[in-house]
Amino acid sequence: MSELAFPSDADIEVDDEPIRDRIVDRRRFLGRMAAAVASAGMAGAAPSLFGAAAAAPHQAPGVPPDPDAYATPRPEALADPTELTIAEAATLIRDGQLTPLELVEAYLARIAAFDGTYQAWNLVLAEEARAAAVAVAAGPYLGPLHGIPLAIKDNYFTAGVPTTANSFIFEDFRPPFDATAVARLEAAGAITLGKTQMGPLATSRATTPAGVITTVNAWTPTDPSVNPGGSSTGTATAVAGRCATSGIGTQTGGSITGPSNAQALTGLKPTMGRVSLSGIIPLTYTRDHPGPLARDAKDAAIMLTAMAGPDPADFRTQGLPPVPNLVRAATPTFQGGGRVRLRFPTRIGILPGYTAGTSETAGARRAMAETLAGFGRATVVDVTPPPELDALTGTAFNNVRLPERSEPFMPFLRQDLRLFGVSLTSWLQGALLGANEYITGQRAKLLLLERVLDDLFSQCDVVVQTGPVPFDIIGLPEIAFPIGFSAAGVPIGAILGGQPYAEDSLLAVVAAYQAATTWHLRRPPDPPAVAPATLGVAAAGTTGSRQLTAEEVVEQMQ
Amino acid sequence: MAPVPPTDTELDTMIRARLALIGIDLDQLPGTTDPTTGTPSLTSVLSSLRSFVRGSVATLAAFQLPAPAGTPGEDAAELSQQVFPPALYPSITIGAWTKPRPA
C-alpha cells in the first residue's frame, strides 16, 4: 500500500472556483497538481499516484477538521439528540456536551420503539455499536464523524457481519473485509449502527427475497402502498425516521435520489469513480454508485468527504480529478442584506415542461426555481436537451446494463434459479442480450455523454433531472433534495445533475437553497409502535397484497 | 427484404436453447408463482423474455451510431465506425473532464 497522502484541499485552491472550472484544462490541472505535490513534500510523485490505504480518507493525516463541518445545534435538536444533524452532533461531541454512547443509545431506543413499524433494519448491531462508541470516545478526536451512528445498506461488506443484499444467495454470507466506503467512514470516527433493508440484490423497493414488502416510507408509516423510494429504502427510512444520523446507499437506477426525494432527505449520487465500489455487491458494474443519504447538504458533504478518493482496490477511482472541499462548497454564503449568494456563479438549467402543469409537484418546482433565481450569482435558464436524449435513455438503452448483473451471478443462475426469488427475470434478460447489442450500448454511452457535455452543459452548469436514468447511464453526479410537501404530507423532491466530478457545484446550490427554505428541517411524526408480526397483518389488510410480483419488480428495478 | 419475424414458439426455442447452452435450465421454474420464494412461473418468465428480445435486443441491433457532422449520406455507415468507440465508464475517461467544451 502506498503511504502517499492525497494533497489537502488547502494545497489546491478550492475557494475561488468550483472544480468544474479547475479541471477542464488538463495542462492547467496537471500544473496545479504538480505544485500541490511539491508543496506537500512529495516531489517526484506522479499525480496519478494518489493511492492510499483503502481505509484512509483522502485528506492528509493531521489536517485539522474543517470548521465549516460544525453547526450550532437548533433548540429542537438540543432537546432530542436523534434530531441532530451530523454537523450539529459534531459540535456537541467535540465540545464534550454529548458522548458517542449517548447518541448511540438514543437511536437504539428509537429503533426499539419504532422499527416494528418502519422495518428499516436488517440487522441492528446494538452491542457492537455501543462498544464502538466507547472505543471512539477513548481515542483521539477524528473530526466531524467522530462518534456519529450510521445506517449501512446491506449490500456493503461489513467484515464478519452478515451482508445479505436481501437475497437468498447471500443469506449466510459474512464478508472477510469491509467495503472501502465503510472502512473510510469508520476510520473517520463513524459508528456502524446496523445494516438496512433493501430491494433484493438492489433491484426494487425493500422487500424480502420473495418480494414481501418490508420497509415503509417514514412519512406514511401505516400505508405500505406509498413507495418509500428505490432499493436504498432501509437507509432512507432509518435516517428520515431518526433512527440514525445519516446513512449510505447505492444507486444504479435512482436508488439514492429516489428514496431521498420520497423521504425529504438530501441524497448525493457522486460521479462514477468518486467513491470506491470495492466491497459492494454488484448490481451493474458500470452504473453502481455509492453515496450518502443525509439530512441536508452539509451532512452529505461530510459523508462524501470521508467516502471519496482513490482506492488501490478499485481502478475506477484512480487518476481522477481531486476531491474538492465539499464541506466548504456546502456552506452557504450571504451578501448584503442577508441575501443568499451561491458560492460559485452557476447557471441552473430548467428542462422543457419541468414546471408546467397544475400538480403539487409542478407548483413546488416553480417555487424552487423562483427561490433559486433570487440568489446572488445564480442564473436560472431554460435549456434544450440534446435531440437524442430520449432515444439514448429509453428502455432499450437502459437495458444494456443487464448483462452486467447476469455475468457475475452465472454460478448461481446455473445452480438454482429460485435463489433469485422475485427478482429473477432481469438476470435472465441479461443473459439473453447479445454481445453486439452490448457493444452498441457502450458506444451509445459515449455519444450520450458527448451530447450532454457539449449540448446541455454549454447552456448551464447544473440541470434539473426528471429521472435518474440519463445520468446513471453515463456516471454523472446528481443531488436530490426536498422542495415541498403534498397536501397529504408526502415529500416532494427535486434532482439536480452536474458535470463530471462537480459534486461541489451541486452541493453549493442545494446548500444555498436550504439556507433559504425549511423543507429539509421537517421530520415525520413518530409512527405507531407496532410489533413486526402485528404490522404484517394490519398492512396486508391495508394494501390488499404486500408481496410484489416478478412483473412489478421488473417495472421498479434499477 | 427484412426477414420474417420469429413466432413465439421460435423465440421460446431460441431462449431455451441459448440459456441451456450456458447452463441455465428454465425447466427449474414452477408452473405457477412460488409464494415461498417469489420465483415467477415459467410461463410468465418466457413471456417477459420474449418481450425483451423483441423490444430491447431488436432496438439496439437496429441502432446506427451517427457519422461525424457533414458526412455525405452514402458514407455514413463507413464513417460512423470512426467515432464513439465503446466506453464502459465514459465519465472517467480523461476527455470527459479535460476536453474544452463550448461555453
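By convention in this document, chain letters (A, B, ...) are assigned in the order of the sequence lines, proteins followed by strands, and residues within each chain are numbered from 1. Hydrogens, waters and symmetry mates play no part in the numbers below; they use all other heavy atoms, side chains included.
- The heavy-atom pair separating A/Arg414 from B/Gln28 by the smallest distance is O-NE2, 4.3 Å.
- Of the possible donor and acceptor atoms, one in the side chain of A/Gln547 sits under 3.5 Å from a partner among the backbone N and O of B/Pro35.
- Ranked by heavy-atom pairs under 4.5 Å with chain A, the list B/Val45, B/Asp25, B/Ile22, B/Leu19 is led by B/Ile22.
- Scanning both residues, A/Leu447 and B/Phe63, for their nearest heavy atoms gives CD2-CZ, 4.2 Å.
- Note on A/Val553, A/Val400, A/Asp416: by heavy-atom pairs under 4.5 Å with chain B, the leading option is A/Asp416.
- Contact of B/Ser48 with chain A is made through backbone and side chain together, with heavy-atom distances under 4.5 Å.
- The residue among B/Ile15, B/Thr93, B/Asp34, B/Val53 with the most heavy atom pairs within less than 4.5 Å of chain A is B/Ile15.
- Ranked by heavy-atom pairs under 4.5 Å with chain B, the first of A/Gln499, A/Arg287, A/Met410, A/Glu404 is A/Met410.
- Taken to the nearest 0.5 Å, the CG atom of A/Leu320 stands 6.0 Å off from the CD1 atom of B/Ile92.
- To the nearest 0.5 Å, the span separating CZ on B/Phe52 from OG1 on A/Thr395 amounts to 10.5 Å.
- Between the side chain of B/Arg18 and the main chain of A/Ala431, a donor-acceptor pair closer than 3.5 Å is present.
- Heavy-atom distances place both the backbone and the side chain of A/Ile474 under 4.5 Å from chain B.
- Of the listed residues (A/Thr271, A/Thr425, A/Thr549, A/Leu428), the greatest number of heavy-atom pairs within a distance under 4.5 Å of chain B belongs to A/Leu428.
- A/Trp427 has its side chain out of reach of B/Ile24: every pair of non-hydrogen atoms, C-beta onward, lies at least 4.5 Å apart.
- Ranking A/Ile473, A/Ile439, A/Leu424, A/Leu432 against chain B, the residue ahead of the rest is A/Leu432, based on heavy-atom pairs under 4.5 Å.
- Neither the backbone nor the side chain of A/Leu448 has a heavy atom closer than 4.5 Å to any heavy atom of chain B.
- From A/Phe397, atom CZ reaches atom OG1 of B/Thr59 across 8.0 Å, with rounding to the nearest 0.5 Å.
- When all heavy atoms of B/Tyr89 and A/Phe315 are compared, the pair lying nearest together is CE1-CZ, 4.0 Å.
- Nearest heavy-atom pair, B/Ala87 versus A/Lys445, reported as atom, atom and distance to 0.1 Å: O-CE, 3.7 Å.
- For the options A/Asn399, A/Leu417, A/Asn398, heavy-atom pairs under 4.5 Å to chain B are most numerous at A/Leu417.
- Minimum heavy-atom separation, B/Ser80 to A/Arg443: O-NH2, 2.6 Å.
- Contacts of A/Phe168 with chain B are made by side-chain atoms alone, with heavy-atom separations under 4.5 Å and no backbone atom involved.
- Residue contact with chain B, scored on non-hydrogen atoms closer than 4.5 Å, is absent for A/Glu388.
- With a 4.5 Å cut-off on non-hydrogen atoms, B/Ser41 does not touch chain A at all.
- Rounded to the nearest 0.5 Å, atoms CG (B/Leu29) and CZ (A/Arg418) are 9.5 Å apart.
- In plain terms, the two heavy atoms of A/Leu476 and B/Ser91 that are nearest each other are CD2-CB, 4.0 Å.
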